[in-house]
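Predicted model, so just to flag it, every value in this text is computed and none were measured.
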Amino acid sequence: MGKSKVLVVGGTGYIGRRIVKASLAEGHETYVLQRPEIGLEIDKLQILLSFKKQGAHLIEGSFNDHKSLIDAVKQVDVVICTMSGVHFRSHNILLQLKLVEAIKEAGNVKRFLPSEFGMDPARMGHALEPGRVTFDEKMVVRKAIEEANIPFTYVIANCFAGYFVGNLSQLGRLTPPKDKVYLYGDGNVKVAFTDEEDVATYTIKAIDDPTTLNKTLYIRPPHNILTQSELIQKWETLTGNKLDKISITADDFLASMKGFDLAGQVGVGHFYHIFYEGCLTNFEIGEGSEEASKLYPQVEYTRMDDYMKIYV
């Protein structure tokens with residue numbers, strides 16, 4: 001069998017543009033949805049045109065035009081949606097229900113990968129308000145996919161390094177602190193960190209793999225399962241600079257939520273589940289699931305020691 005034709009929805013976004021690049025690199029005929037709603041957002045248009053230069057096909061389609069979505073998905077075998085689900089950008093998870101309807105009606109798609117790429121929503125039924133909306137809405141989309149009998153793969157990418165590693169997992173910043181660092185509790189809860197380029201590579205590897213059909217794919221490379229303390233230690237070794245560590249109790253951390261806007265409150269809740277509760281690593285990957293680095297050992301994933309070097 002030849003390689004699947006791939007449509008990426010949300011291709012100009014943070015993870016979407018990496019998935020387009022990975023799809024092209026793996027030799028897939030790659031299509032990117034061009035939505036008229038971008039209006040005058042020239043950066044997005046230029047990203048789309050750069051994909052076209054690299055050999056991708058641009059397909060016009062809108063979530064406000066059901067027929068255009070059907071026409072788009074009819075041209076491909078696999079649909080990957082990477083629309084944003086974070087509150088400090090845009091929160092569009094439920095828009096995917098229109099895409100699910102189009103895929104169902106088209107009837108030709110052999111694999112759909114909805115916008116997941118974070119924590120596993122199936123394990124977050126206990127999540128704190130207001131951040132639980134992210135997981136609840138992803139589960140609504142999953143339910144629609146499964147009720148429509150659409151073949152799927154759910155990709156759980158855990159903590160993107162760009163948001164969690166360069167900043168030593170400090171809330172509200174993206175660059176490393178220079179003098180002091182806040183520790184969540186004792187800083188010894190295991191967290192799974194992933195390089196965004198690797199997320200894209202593993203995602204594209206999975207789309208034609210029967211092993212991942214109707215399963216959840218966790219990206220938990222063993223060398224990147226680290227505690228916050230281990231992450232900080234790696235940074236200190238790399239820079240030769242010791243940081244003052246200030247521990248925050250779980251109660252104090254949750255109390256800080258009151259001082260934030262909605263996006264900040266969502267962030268506090270998610271950080272709590274990751275760094276105090278250990279929601280990314282406190283379970284074994286079991287039946288109905290696979291781990292990407294085991295499935296695709298040929299992928300030389302980026303270790304966080306190397307990822308950090310660009311920040312020095």
Side-chain angles (χ1 to χ4, degrees), residues 9-10 13-16 19 80-100 112-148 150 152-164 169 171 184 189-194 196 199 202-203 206 212 214-220 225 250 253-254 256-257 260-292:
V9 179
Y14 184 68
I15 196 66
I19 286 179
I80 304 173
C81 187
T82 62
M83 295 178 69
S84 176
V86 291
H87 285 75
F88 59 87
R89 285 176 180 262
S90 56
H91 188 81
N92 296 320
I93 294 297
L94 290 184
L95 258 186
Q96 293 180 99
L97 293 175
K98 294 185 178 183
L99 189 56
V100 171
F112 178 42
L113 285 71
S115 188
E116 296 262 349
F117 306 106
M119 295 178 250
D120 186 352
R123 295 183 174 275
M124 299 305 295
H126 64 291
L128 297 170
E129 295 283 8
R132 66 171 296 131
V133 65
T134 303
F135 313 116
D136 290 346
E137 290 186 356
K138 285 181 178 180
M139 290 307 293
V140 168
V141 174
R142 285 190 181 193
K143 185 172 185 283
I145 292 167
E146 291 169 29
E147 286 182 350
I150 295 168
F152 64 84
T153 299
Y154 304 137
V155 179
I156 305 303
N158 299 303
C159 287
F160 289 154
Y163 285 109
F164 288 91
S169 301
L171 195 62
Y184 304 113
V189 171
K190 291 285 186 183
V191 178
F193 301 101
T194 55
E196 295 86 342
V199 170
Y202 284 129
T203 298
T212 59
N214 295 335
K215 287 187 180 179
T216 299
L217 180 70
Y218 292 92
I219 304 177
R220 290 203 322 201
I225 298 176
F253 185 70
L254 288 176
S256 73
M257 194 183 286
F260 288 96
D261 61 9
L262 175 64
Q265 290 175 20
V266 170
V268 169
H270 290 184
F271 269 57
Y272 172 79
H273 293 302
I274 293 166
F275 292 101
Y276 290 94
E277 187 180 272
C279 70
L280 304 184
T281 60
N282 63 3
F283 62 93
E284 294 295 322
I285 295 172
E287 192 176 341
S289 307
E290 301 289 344
E291 199 286 307

Using the side-chain hydrogen bond (donor to acceptor under 3.5 Å, both in side chains) rule, take His126 and Glu277 through it: C-alpha gap first, then chi angles, then the decisive distance, then the call. CA-CA 11 Å; His126 64 291; Glu277 187 180 272; 2.8 Å; yes
Restricting to non-hydrogen atoms, name the atom on [X] and the atom on [Y] that form the minimum distance, rounded to 0.1 Å.
X: Thr82; Y: Gly16; result: OG1-CA, 3.2 Å
X: Val191; Y: Leu280; result: CG1-CD1, 3.9 Å
X: Thr281; Y: Ala192; result: CG2-N, 4.0 Å
X: Pro130; Y: Met257; result: CD-SD, 4.2 Å
X: Ala144; Y: Leu97; result: CB-CD2, 3.7 Å
X: Ala250; Y: Tyr272; result: CB-CE1, 3.9 Å

Please tell me if the side chains of [X] and [Y] come closer than 4.5 Å, counting only heavy atoms from C-beta onward.
X: His270; Y: Thr134; value: yes
X: Val155; Y: Tyr202; value: no
X: Tyr218; Y: Asp120; value: yes
X: Asp136; Y: Val133; value: no
X: Phe117; Y: Ile19; value: yes
X: Val9; Y: Ile80; value: no
X: Pro114; Y: Lys138; value: no
X: Pro121; Y: Glu116; value: yes

Can you check whether [Y]'s main-chain N or O pairs, donor with acceptor, with [X]'s side chain at less than 3.5 Å?
X: Arg220; Y: Glu291; result: no
X: Asn158; Y: Ile219; result: yes
X: Thr216; Y: Tyr154; result: no
X: Glu196; Y: Gly162; result: yes
X: Ser289; Y: Ile285; result: no
X: Thr212; Y: Ala206; result: yes

Going by the side chain to side chain contact (heavy atoms under 4.5 Å, CB included) test, name the single residue among Leu95, Ile93, Leu99 that passes it with Met83.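 By the side chain to side chain contact (heavy atoms under 4.5 Å, CB included) criterion, Met83 pairs with just one of Leu95, Ile93, Leu99: Leu95.
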What do the steps show when you test Met119 against Ile274 for side-chain contact (heavy atoms from CB on, under 4.5 Å), and what is the final call? CA-CA 9 Å; Met119 295 178 250; Ile274 293 166; 3.9 Å; yes
Mind checking what makes side-chain hydrogen bond (donor to acceptor under 3.5 Å, both in side chains) contact with Glu129, not counting sequence neighbours? none
Could you go through Glu290 and Lys215, starting from their C-alpha distance and side-chain angles, then the distance that decides it, and tell me whether this counts as salt bridge (Lys or Arg N to Asp or Glu O under 4.0 Å)? CA-CA 7 Å; Glu290 301 289 344; Lys215 287 187 180 179; 2.8 Å; yes
Would you please classify the geometry between the Phe193 ring and the Phe275 ring as parallel, tilted or perpendicular, with 30° and 60° separating the classes?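 Geometry flag for Phe193 against Phe275: tilted rings.
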Please work out whether the ring planes of His273 and Phe135 are parallel, tilted or perpendicular, with thresholds of 30° and 60°.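 Perpendicular.
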Are the ring centres of Phe253 and Tyr184 closer than 6.0 Å?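 Between Tyr184 and Phe253, which both carry aromatic rings, the centre distance is below 6.0 Å.
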Verify whether the ring centers belonging to Tyr14 and Phe160 lie closer than 6.0 Å.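 Ring centroids of Tyr14 and Phe160 are less than 6.0 Å from each other.
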Whether Arg142 engages the ring of Phe112 as a cation-pi pair (distance to the six-membered ring centre under 6.0 angstrom, angle to the ring normal within 45°) should be assessed.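 Output no; distance or angle outside limits.
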